[in-house]
Trainee: 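I'd like to ask you about the structure that follows.
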Amino acid sequence: MAGFDKRVASYEEAMEGIESGMTVIAGGFGLCGIPENLIAEIKRRGVNDLTVVSNNCGVDGFGLGILLEDRQISTILASYVGENALFEKQMLNDEIEVVLTPQGTLAEKMRAGGAGIPAFYTATGYGTPIGEGKEVREFNGRHCILEEAIVGDFAIVKGWKADRYGNVMYRHTAQNFNPMAATAGKITVVEVEEIVEPGELEPSQIHTPGIYVDRIIQGTFEKRIEKRTVRS
Amino acid sequence: MALTREQMAQRVAQELQDGFYVNLGIGIPTLVANYIPDGIDVMLQSENGLLGMGRYPTEDELDADMINAGKETVTVRPGAAIFSSAESFAMIRGGHVDLTVLGAFEVDQQGNIASWMIPGKLIKGMGGAMDLVAGAENIICTMTHASKHGESKLLEKCELPLTGAGCINRVLTDLAYLEIKDGAFILKERAPGVSVEEIVEKTAGKLIVPDHVPEMTFDA
């Protein structure tokens, strides 16, 4: 009896069921807190025509950037892209559709998707190209646009520690979009640095309760730094 | 003389108040952190989910899991808090951040701002800028007063696609400090040695010039 044990034995098992044409929501900000091994597994499987929802699209050769190499992504919803040459090339050649989305709206779309809220009004983007064609309503004298929630076929998440039941904690600013992504997947897969026994994590310190999580796996991480800034 | 980038940051820093939570954008706004006046405590918000950003790390402190919204490695100060992106933008959209400082390509007399997209050039995205300008009550926009070719960036109406509508109330350029109110720029201060005439000439939008326009002052 597995009960609440969400552990899977391999990355292959972790991404079992992903198919071409699916929507994948990914946690991470830049290269910080990205599910790097789950992304690598998506590349290995060769599925394509994916819609990816992520704040950024990695860099050349790392993170979501590796899914561009075999043109596995057809559409991406992101707030900031183009840190990678391959992405730029595919964007200019219309090989990838980019739906630029304000960062807070992107986070809220995921949060709403996971919370069963189909859409929400926000002042963000009103009067800009982002607001074009969207329903407008005025609340307390402010113009707001209607933004729809996002649910993914898969959500891929990077945590720090988890217990076998899928309760997850994040480390420092590697939290970012991960908690929202975790709620918004029909199948949510979390990879972590360490899996512990139930009871070892302080219940009030859990960021993502296990109810949102379908599969967990322990991995090793490169954790590449995008902009290394130090003081002497 | 037009202000240097450092002097612009220094002038913006004079607007900081004790106990302010502040979000600084990339570029000149980031430099404001170097000029926080003595005796004042401000908490820097970084929209990737950090309130209480500290200095850059030493080699020993370097941690891939600790970055700011510019994706630079940073540290946290005592009393910092770390949270999700949704929580971070709840602070921003809910109007809890006391001051936002960000750059722009153009600003107009209605308080519209264009800062993220130049048609025909590669578009990388707006990041958190649209959320910040829509959510903040108190925004200072930093920019050069005119382009390299002398074309004003303070316009009657923005020509580039907007980042936000009617949301900017203060602008600091390399020539002047201005407020935007009731459909006009109001000249509040000029950079040391810059004439009112030069500012008038380089402001395309409606500009109200009071009888007396003081020069900015800088400590040391």
Side-chain angles (χ1 to χ4, degrees), chain A residues 27 29-33 55-56 78-83 88 91-92 98 100-108 110-112 122-131 142-144 160 170-181 207-208 221-232, chain B residues 46-50 53 55-76 80 82-93 110 112-114 116-117 119 122-135 158 161-167:
Chain A
F29 184 95
L31 300 181
C32 183
N55 191 54
N56 314 94
S79 86
Y80 196 83
V81 292
E83 300 284 28
E88 251 178 55
M91 189 160 72
L92 293 171
V98 183
L100 288 172
T101 307
Q103 198 174 128
T105 295
L106 190 66
E108 194 65 12
M110 292 184 197
R111 198 195 71 78
T122 177
T124 299
Y126 172 76
T128 79
I130 301 307
R142 297 196 73 192
H143 289 99
C144 294
W160 175 36
Y170 305 96
R171 186 168 177 275
H172 301 331
T173 60
Q175 181 173 164
N176 56 63
F177 282 84
N178 280 299
M180 284 73 66
H207 293 115
T208 293
F221 299 85
E222 177 185 337
K223 291 196 188 182
R224 194 178 293 186
I225 291 174
E226 195 162 348
K227 289 182 191 168
R228 182 193 177 89
T229 45
V230 291
R231 70 174 194 272
S232 45
Chain B
S46 196
E47 63 267 24
N48 58 316
L50 169 57
M53 182 168 60
R55 300 188 292 172
Y56 289 140
T58 62
E59 288 286 347
D60 288 345
E61 291 168 337
L62 192 72
D63 187 332
D65 290 337
M66 191 71 88
I67 65 167
N68 65 15
K71 291 156 192 153
E72 300 171 323
T73 46
V74 293
T75 59
V76 292
I82 292 174
F83 33 82
S84 73
S85 299
E87 185 79 49
S88 183
F89 282 93
M91 288 172 201
I92 290 165
R93 294 172 173 216
Q110 301 298 336
N112 297 322
I113 174 174
W116 72 286
M117 175 182 178
L122 185 72
I123 298 155
K124 291 193 168 187
M126 71 295 284
M130 285 190 182
D131 306 281
L132 282 159
V133 299
C158 285
L162 297 185
T163 309
C167 48

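The model shown is predicted, which means the values in this text are computed figures rather than measured ones. Order of the sequence lines fixes the chain letters, A, B, ..., with proteins taken first and strands second; residue numbering starts at 1 for each chain.
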Trainee: Is the backbone N or O of E72(B) less than 3.5 Å from a side-chain atom of T229(A), with the two atoms forming a donor-acceptor pair by type?
Mentor: no

Trainee: By a 4.5 Å heavy-atom criterion (distance strictly below it), what part of F89(B) contacts chain A: side chain, backbone, both, or neither?
Mentor: side chain

Trainee: Check whether any side-chain heavy atom of M130(B) sits under 4.5 Å from a side-chain heavy atom of I130(A), and report yes or no.
Mentor: yes

Trainee: Under the side-chain contact (heavy atoms from CB on, under 4.5 Å) rule, collect the residues that match up with I123(B), sequence neighbours excluded.
Mentor: L100(A), W116(B), M117(B)

Trainee: Is chain B contacted by the side chain of N56(A), its backbone, both, or neither, given a heavy-atom distance below 4.5 Å?
Mentor: side chain

Trainee: Using non-hydrogen atoms only, which part of I67(B) is less than 4.5 Å away from chain A: side chain, backbone, both, or neither?
Mentor: both

Trainee: Checking heavy atoms, do the side chain of N68(B), its backbone, both or neither come under 4.5 Å from chain A?
Mentor: backbone

Trainee: My understanding is that only one of V133(B), L132(B), L162(B) makes a side-chain contact (heavy atoms from CB on, under 4.5 Å) with C167(B); could you say which?
Mentor: V133(B)

Trainee: In terms of side-chain heavy atoms, does T105(A) have a donor or acceptor partner in R93(B) at a distance below 3.5 Å?
Mentor: yes

Trainee: Quick one: salt bridge (charged side-chain N to carboxylate O under 4.0 Å, His left out) partners of E47(B), sequence neighbours excluded?
Mentor: none

Trainee: Quick one: what part of R111(A) sits under 4.5 Å from any heavy atom of chain B, side chain, backbone, both or neither?
Mentor: side chain

Trainee: Relative to chain A, which segment of T58(B) carries a heavy atom at a distance below 4.5 Å: side chain, backbone, both, or neither?
Mentor: both

Trainee: What part of P179(A) lies closer than 4.5 angstrom to a heavy atom of chain B: side chain, backbone, both or neither?
Mentor: side chain

